[in-house]
Amino acid sequence: MAEYSALQVIRNALGGNEHWKPLWRKPDPKPAYNVIIVGGGGHGLATAYYLASEHGIANVAVLEKGWLGSGNIGRNTTIVRSNYLLPENAAFYEHSMKMWETLSHELNYNVMFSQRGIINLFHTPAQEDEAARRGNAMLLNGVDARFVRPEELGKRMPALDLAGSSRLPVLGGLEQPRAGTARHDAVAWGYARAADRRGVDIIENCEVTGFIRDGTRVTGVNTTRGDIYARKIGVAVAGSTSRVLAMAGIDALPIESHVLQAFVTESVKPCLDCVVTYGGGHLYISQSDKGGLVFGGDIDGYNSYAQRGNLPIVEDVMSEVVELFPAFAKLRLLRSWGGVMDMSMDGSPIITAGPLPGMYLNAGWCYGGFKATPASGFCFAHTIATDEPHPLNAAFSLDRFYRGYVLDEKGQGATPWKH
Amino acid sequence: MIIPCPFCGPRDLAEFTYHGDAARAAARPAHGSTDQEAWDRHVYDRRNPAGSHAEIWQHAGGCRSHLRVVRDTRTHEITETTLYAPEVSQ
Amino acid sequence: MSGYRRPSGGKVIERGKSITFTFDGKQYFGLAGDTLASALIAGGVSVVGRSFKYHRPRGIVAAGVDEPNALVTVLGDGAREPNIRATEIEIHDGLVCESQNRFPSLDFDMRALNQLGGDALAAGFYYKTFMGPARWPFGGTRTWMAFERQIRRAAGLGRAGTESDTSRYDRVNAHCDTLVVGGGKPGIVQALEAARKRRRVIVCEIDPTLGGYASWSGDPDISAMITQLQAMDNVQILTRTTAWGIYDGNAVAALERVSDHRRDRAPGEARQRMWIIRAGHVALATGAFERPLVFPGNDRPGVMLASAAQRYAAMYGVLPGKRIAIVTNNDSAYTSAIALKARDANVITIIDLRSEVSGGARSIASVAGARLRTGQAVVATAGTGGLDSIQVAPFDHRTRRPTGRSEGISCDCLLMSGGWSPAIHLASHAGGAPRWDDTLKAFLAPEDGRDLSLHGAAAGDFVFGAGLSPAPAPVYEVRAPGKAFVDFQHDVTADDVRLAHREGFHSVEHVKRYTTLGMATDQGKTSSLPGQAILADALGRPLEQVGTTRFRPPFTPVSLGSIAAERFGDLHPERITPIHDWHVKNGARMVAAGHWQRPECYNRWKESVEQAYIREAKTVRRGVGIVDVSTLGKIDIQGPDAAAFLDRVYTNGFARLPVGKSRYGLMLREDGFVFDDGTTWRLAPDRYLMTTTTANAGPVMQHLEYYLNVIWPDIRVHLTSVTDQWAAMAVAGPHSRDVLAAIVIDTDVDNLTLPPMGIVHGRIAEVPVMICRLSFSGERAYEVYCGAHHGAHVWNALIAAGEPWGILPYGLEALGALRIEKGHVTGAEIDGRTTARDLNLDWMLSTKKPFIGSAMMDRLGLVPITRQALVGVVSINGEKFHGGSHIVESANPKKPGPSLGHVTAMCYSPVHDRYIGLALVSSGRARLGARLYATDPVRSASHVPVEIVRHVMVDPSGDRMHG
Amino acid sequence: MAEPFISTPVMAATAQSPIADALLPGEYGNLAIGAQVALSERFGLAICDVCAWPGLETKTANAIKRATGLAVTKRRDAVGEAAQGFQHAPGRWTVIAEDPSLAERLTRAVSANATVVDLAHGRTCLRIAGEAGTSVLAKLFAIDFAEKAFPVAKGLATSHHAVLAQIQRVDAQTFDLLVFRSYARTFFHALTRASEEFGYRIVPPRAGEPET
Ligand SMILES: Cc1cc2nc3c(=O)[nH]c(=O)nc-3n(C[C@H](O)[C@H](O)[C@H](O)COP(=O)(O)OP(=O)(O)OC[C@H]3O[C@@H](n4cnc5c(N)ncnc54)[C@H](O)[C@@H]3O)c2cc1C
Ligand SMILES: NC(=O)c1ccc[n+]([C@@H]2O[C@H](COP(=O)([O-])OP(=O)(O)OC[C@H]3O[C@@H](n4cnc5c(N)ncnc54)[C@H](O)[C@@H]3O)[C@@H](O)[C@H]2O)c1
Ligand SMILES: Cc1cc2nc3c(=O)[nH]c(=O)nc-3n(C[C@H](O)[C@H](O)[C@H](O)COP(=O)(O)O)c2cc1C
Ligand SMILES: [Zn+2]
């Protein structure tokens, strides 16, 4: 099997690039598998890969209703970080960060993980204390963190307006230097290729339309390409979680679907070397390798499955961009889009066995599940393979809400659109 | 999005704040209820349907009324807006 | 390209009015009305930029917003404006532009890469390499990041500046019955029709003038129609205005370029203006985009869209070359040929990929004097700098390949036409799938049930002229050796599309993402369909099944400044208290608290903040101080059920609070966690004045309104925000009563008349005031309320009255220090994750009545004593520790061990003469007396031994405030 | 204990407008064709919020009419000589008058039909008049200012980003804007900025109104 390398690129180029093989096969579904993963997003594909690579379970199918990576993996703002406050989240996301650091090698696919740092700006003394609280939590949890003072910020981001036009000067920032961005689509493709190579069937254009039940136990799925049986069925469908579980008779979950928009400008030469977030609102910016400035802000704030947003958020986000970077006012918005997010009631994820026998659930990623992809796949595979949560996802249970063990990073309570 | 407030007329989304599923609000356990499971469900569980959704919005940047808005979560199309009255949602 | 200006003609230019502008440091002349593109073509400039990846020389291809190549940077008023299409810049005296991506300074690594040659840089090459070795020293992400740096530098188009944009942007909200997008003939027809029905109509058009294609194709009716439209009083015409997005409810976002085309601006005039138009009906008459053809060398400067040449000739009197060849798969190019001929162009040949051509087309070709070559194709182009010649060969349109020897034709301009794609972008923003029309070989707008219609070419209504067919041949590519470009700007070739297919990317969306086809600044306006056709060929499926990629706003790129509009440079509104100006005049450092501006402290004699607040706090403990607390949220609560309502929303009881008294109250969220606190005053049996924290004033109001309107509509209570009605100031300290006694009239303020939590009404310096004896500082203290307009007056009176006792104002920092000493909680402790028990406020949880949150507050996870609880921390050795420090057991700052909690707030305590703080510490109450460390590795690197103490660190018995 | 006061009328001698410093009479902006809008503050007014209990809206409207002479009904807003009133929410009116005893009179008139809250200090009333008035307002508010949609006397509640505002059309070219006092300075700044391109005049307070 041709492995990817610089040498191969040159060899193939000499052959007119005629000999490259498909990244994944296009198999027809088999009647039955050991494990079915519903959802060909980052998490579903990673889960399939780790089932095969960590647990030797290769008789696995990933069922994707559209084209692979058409969900949130294909539309996120690509930020990878582990700067969490709560220890449960910190441990999980830091594990993910470590996996990211070797992911391209592991997959033999360059996912372009660029550890250019993320800086959360703060603007008031109270915010500075909060930043210190978080930064100290990170260091005590073994995560890298440092304070960045305005002088350094000015040097690293010459276009940044430290004074702020309206009463919120930049007092400093909390940086996680190891954080950064990755090429979102490549993560899906890289996992798909690696899983395929280990025997996993990746089946596109195969929508799950129902569950086959034996009593309460889930034993298979109805799909647009026929019924498929499996001993275990993992659901990793992000924004579609409620819709899919409703097919199994679960009519309510601690999840709401909300749309988050993202934006990219026309490309320009490198002008922003790290990821930055604004503390005077809700905004994060980075620059893609192609040169576009990529922004995100608040979710639109109402239940939606529409994958597109509305104008007020567009205005808010652009207002914040030019507040921080008044030099960018003349740059131009090229494209905006939306994704449907699985907002959980405390803003933290769910990776668990259940809620029905034979079923496993991976959901509740809000707007932060891209960075989780490796650890999520790893833990979900563990949970499916062993029927026990991995210590890293033990806290991400479904019953934590009812028991009062919520993991509420933002302290917003059960108002999912505020997380 | 433009929401037709029954009192103010059509107004921009930016004037409204969201309060979620109207059916959930209507099904809130009675004040003083000690049915823990009912409270768990009420506080944490959501139907989150794809399709028609009766929901509550407050015209916070206008008349501050609470509205019951029937909206399709797949298309954002609004088919019904009334001032919120608890009976309607039951 | 050897373009030139004809001695006559040109609909929009003013002959006689010469304009001077600068391009790449060189002066050029154009005519008023020219675009930068038309002026450059007239000036014989053929290379205007370099391509994205291969840095190939590129010329002007189109005449409108679909231009993929000619992007320049406009150097205006200080701020750089990169990536502007030369076709949309109206030249004016003093315009300075520069080309982009032109002399890329590639460093050593990149050059090495380039030597690998084009094929190694094919689509997606970077996914397959640059991983480096798995292990140290180049392991992890190091290798990639080193290469990434070079790739990033090589990519990108223009350069963004660092100087702030000083121009102004505006927003206008508009409403109409009918919005017509596109001021071409079909748009004008729609507008007239709606206007005659007395509808309110808005028409927006990208160009400076109305008329569109009808105007440049010489439609005889068009100017009369324009005049007619302009005369209607119910029609508003917005030129230079691009509708760029349609949002839910027919809210249309449009960008007007108000003064970009002028050197000077009037006072207050914007550069650009964002229109938000709410329309009953939207009529889209946005025309269509001509498609290029894909053949080797099709990106050479001098190769242009046929309709673009026609437009340059008609509108600007400019011809793109002296010997023009045309290659086409459809009849519309014949219209272009004849139109060019009519303007004295020398159209030497028409090369038609089709083997059969209609009689109508044939006769046009002969009228145009162009030799018609059917069943032939361009298989190569040649020239240095611009185009010198093309190679033409017989062609089989089924195999897409040449079938015989090629023949050279010398020409300096090659026009191409691959048929037309209707501009359905706006109609597709809602996300429906466009429909394939197999006659037109084009995607038409989806039907999504909105109040929206399409007209003219946008609706697929193509009329190319008598005897001509609107149906192109379904062939867009000539497969011959050499790089044949699909997406000019992103350098995506036909081979790239096939490579993507070979690697398993079979969805159009995959091909887009893998090759970046259609992701450039033109968003594939011209290139999408040819790319999809090549994919369809590779898949062996009809184009209909392949589909098109999703359209998204904006239709064309929009400046970020225009979307921010009036908020650019003025993002956060400022909220000020009635005493604001006094604070500023008296040396206060103001800080933002949400939108509010509040004094942090009043610096004197160049004090530091810490020195100032310690001085202020001492004044309160020893004498008397005054603080502006007007920012507290205040809610008027009236009605027969007011008491019952408060009993439901507060954890503690308010029904039995006597009139004329106030009480501290605590609110939970429905999930049982603490939401907010504040005092509420009973002013009459059915009237209360509730106060909230500054930060939560809005959320508490919304919370109360929600319960009142939605959950308990039977409760008869009215709520009104009166935050702004009252100025509020707290007078605190042992001498506070003396100060009040000296100035308040119409009431006594002695302990009997005004005991703790009591309320009196009186007057200060003529002004009616309401005084409540409340203490946040732990000292004897009074909150004085008066009408906000009188606030400054009363404040001044109190300061004057307090002079004998040395009254001083104190700010937020001192307020914080005093409350920390006293163990009162604020937002730092009420962070949405703490319970009443965590904050030692369990005494406020009534057991006699249910309240919001009571059902959920005893869940398993909310009660363990191992939870983090509020305690005091005191520096043992006098060293300073910091807010945000974590509490740990280990004395070793290098190995601090796990976090037990964190310091929520700290201050220097004048009472204890050392640094103290509040902290949330796990099993906090069990740790009283423990010696732990406050560690702050991320900020100050301090690691300070602290003792855990009770959270109330001053006057736990409350004698001082009750005295 | 003294009676709780129902209202605190604005006393000319001691009151201060939040925008006093910004209200510098003169002409500003693009004066090429003269000032097309006039901006002023109506300081020192009595402003009340009257909120009817459900079912008692008509009675409340009648009471407002009795107390002020304004021809308000459940459906109609009114601008009178000495007072103005409009319904800004179902059953909820803003009433403005120059008479400082407004709150007291209203409270007496509505008796148990409604509640009255004095907002004389809590709101700042700005007036914008002139040809370009609606063009200026259209920059700040997503409201249809066409006379058909927004006839004379009508009042409504809306917002400019975080700043809530009530607007009443006093005549074809004149609008009164009520904004929260604390936001008034910021908002006035936005208003003048929006007016610049039309040229604007700041009009001094009327004679007899407090010198601020
Ligand atoms: C705009 C935006 C910005 C974001 N930014 C970031 C960020 O910067 N950093 C970060 O960490 N996270 C970010 N996220 C979140 C992150 O993208 C998601 O949390 C994560 O991708 C979710 O996991 P996934 O990749 O498995 O989901 P998806 O990619 O959504 O995968 C779910 C898949 O399930 C498929 N599916 C659904 N229903 C069915 C069915 N019935 N049958 C078969 N298949 C089905 C869907 O088609 C989809 O492909 C962002 C999200 C959005 C929308
Ligand atoms: N032989 C030929 O060259 C030939 C023959 C017939 C037709 N055509 C083409 O067919 C089309 C004629 O179509 P039509 O008469 O329906 O329209 P048109 O092209 O005359 O008018 C469309 C107008 O809409 C404007 N517009 C487009 N998008 C807009 C937006 N988002 N906001 C504001 N304005 C916008 C354009 O600037 C243009 O003026 C033209 O594109 C023309 O080139 C070409
Ligand atoms: C990090 C990132 C960068 C992007 N950059 C571009 C870009 O340069 N050009 C572009 O057209 N789209 C860009 N997109 C957006 C995609 O075209 C697309 O809109 C997005 O993936 C969502 O898919 P959809 O619009 O098909 O629903 C980018 C998306 C992401 C997530
Ligand atoms: Zn309303």
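Side-chain atoms are counted along with the backbone in the values below, which use heavy atoms only and exclude waters and symmetry mates. In what follows, every chain begins at residue 1, and chains take the letters A, B, ... in the order their sequences are listed.
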Quick check: does any side chain N or O of D/Asn30 sit under 3.5 Å from a backbone N or O of C/Gly268, one acting as donor and the other as acceptor?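 Pair absent, no side-chain N/O of D/Asn30 close to backbone of C/Gly268.
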Residue [X] versus chain C: region with a heavy atom under 4.5 Å:
X: D/Arg181; answer: both
X: D/Asp21; answer: side chain
X: D/Phe141; answer: backbone
X: D/Ala52; answer: backbone

Determine the minimum heavy-atom distance between [X] and [Y], stating which atoms define it.
X: D/Ser182; Y: C/Trp596; answer: CB-CH2, 3.5 Å
X: C/Asn173; Y: D/Leu140; answer: ND2-C, 4.3 Å
X: D/Val117; Y: C/Gln638; answer: CG2-NE2, 3.4 Å

Ring-plane angle category for C/His790 and D/His121, please: parallel below 30°, perpendicular beyond 60°, tilted otherwise.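 Rings of C/His790 and D/His121: perpendicular, as their planes differ by over 60°.
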Using a strict 4.0 Å threshold on nitrogen-to-oxygen distance, state whether C/Arg168 and D/Glu196 make a salt bridge.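 Judged by the 4.0 Å cut-off on N to carboxylate O distance, C/Arg168 and D/Glu196 do form a salt bridge.
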Contact class of C/Thr631 relative to chain D, heavy atoms under 4.5 angstrom: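 Contact with chain D: none, neither part.
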What part of C/Asp581 is in contact with chain D, defined as an atom under 4.5 angstrom from a non-hydrogen atom: side chain, backbone, both or neither?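 Just its side chain gets close to chain D.
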